[in-house]
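The next block holds one structure in the form of structure tokens; read it before the comments.
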Amino acid sequence: DAGVIQSPRHEVTEMGQEVTLRCKPISGHNSLFWYRQTMMRGLELLIYFNNNVPIDDSGMPEDRFSAKMPNASFSTLKIQPSEPRDSAVYFCASSFTSGVFLAKNIQYFGAGTRLSVL
Amino acid sequence: KQEVTQIPAALSVPEGENLVLNCSFTDSAIYNLQWFRQDPGKGLTSLLLIQSSQREQTSGRLNASLDKSSGRSTLYIAASQPGDSATYLCAVLNSGYALNFGKGTSLLVTP
């Protein structure tokens, strides 16, 4: 398997523009996560999907952020309008989550999208 | 709220040295603890996963221990190599899915 695939790898945009980040999880995985990494706050969970359904979006910072998972092989994270403080690296991760084997749950991460909002 | 702390924030050692990275967490009700490696411009790679019922895991030159009652884990790297230079992240799984990460230890192994 090619692993978790994210696009684009780098995104530079101007304040106020819409930004869409894309993720293709590992085939067969039923859980998908979006994280944001900054120097100040480290890695933070933004949203978690299970079987394409958003389960926990409490980490989404504002209404400007939205995420969708229309099918098991694709997810998007959208920021509209973007602001300079949104500049960060955004990671997508996937895993196979079994209720019986939670302790063995390993998340596999994509290479990330480095977003710069000018 | 789970707090995960990693000490030191940065470490520089000469090649060949054995070293220990530390991770502490405030809530001992965890499912597992994971150590990840992050290379510049790359994603995270899972190195070791220790389930809450386990005390340690080993992979090659890496050994990770877990003391859940005291909220501590260590990652031991034997005979360090320049290729080990990276940021090492510790993360704990509290709920069925939520990984709480430390801010990492940036390791530099000099030839």
Side-chain angles (χ1 to χ4, degrees), chain A residues 2-10 21 23-26 29-51 53-59 89-114, chain B residues 1-10 23-26 28-57 59 64 66 68 73 86-106:
Chain A
V4 177
I5 300 173
Q6 291 187 245
S7 64
R9 290 296 311 279
H10 302 275
L21 311 181
C23 175
K24 176 178 169 53
I26 292 173
H29 282 186
N30 61 355
S31 294
L32 184 137
F33 311 81
W34 282 101
Y35 290 88
R36 179 170 68 177
Q37 185 177 39
T38 62
M39 289 291 290
M40 286 294 293
R41 301 175 67 89
L43 267 160
E44 299 176 294
L45 179 67
L46 299 177
I47 188 167
Y48 159 60
F49 291 88
N50 183 255
N51 292 322
V53 176
I55 303 299
D56 182 358
D57 65 355
S58 59
V89 181
Y90 291 80
F91 287 102
C92 175
S94 72
S95 71
F96 179 76
T97 302
S98 164
V100 178
F101 300 109
L102 287 174
K104 299 183 180 180
N105 183 24
I106 296 177
Q107 295 183 19
Y108 296 85
F109 283 72
T113 295
R114 182 172 297 275
Chain B
K1 182 182 182 292
Q2 177 74 271
E3 299 288 341
V4 181
T5 304
Q6 291 187 246
I7 294 173
C23 172
S24 62
F25 49 95
T26 55
S28 62
I30 65 172
Y31 284 99
N32 65 40
L33 182 143
Q34 300 177 53
W35 284 94
F36 290 86
R37 170 181 172 141
Q38 184 175 23
D39 292 283
K42 303 281 183 64
L44 280 66
T45 301
S46 181
L47 297 173
L48 289 166
L49 181 151
I50 311 175
Q51 298 176 48
S52 61
S53 58
Q54 298 174 327
R55 296 291 299 226
E56 66 176 348
Q57 282 289 327
S59 176
L66 173 63
K68 203 171 67 164
S73 175
T87 297
Y88 291 81
L89 293 156
C90 165
V92 295
L93 186 69
N94 279 104
S95 69
Y97 56 87
L99 275 176
N100 290 283
F101 283 86
K103 291 189 177 179
T105 294
S106 178

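What you see below is based on every heavy atom in this structure, not just the backbone, and it leaves out hydrogens, waters and symmetry mates. In what follows, chains are A, B, ... by sequence order, proteins preceding strands, each numbered from 1.
- In this structure, the portion of A:F33 lying under 4.5 Å from any heavy atom of chain B is its side chain and not its backbone.
- Residues meeting the side-chain contact (heavy atoms from CB on, under 4.5 Å) test with B:S46, sequence neighbours left out: A:I106, B:Q34, B:F36.
- Proximity to chain B is limited to the side chain of A:R9, based on heavy atoms less than 4.5 angstrom apart.
- A:Y108 OH to B:T45 OG1: the interatomic distance, rounded to the nearest 0.5 Å, is 11.0 Å.
- Here the CD atom belonging to A:Q37 is positioned 8.0 Å from the OG1 atom belonging to B:T87, to the nearest 0.5 angstrom.
- Per-residue heavy-atom pair counts under 4.5 Å with chain B were compared for A:E44, A:Q107, A:H10, and the maximum is reached by A:Q107.
- A heavy-atom distance below 4.5 Å is found between the side chains of A:Y35 and B:L99.
- Remark: the backbone N or O of A:M39 is not paired with any side-chain donor or acceptor of B:K103 at under 3.5 angstrom.
- Of all non-hydrogen atoms in B:Q38 and A:F91, the two that sit nearest each other are NE2-CZ, 3.3 Å.
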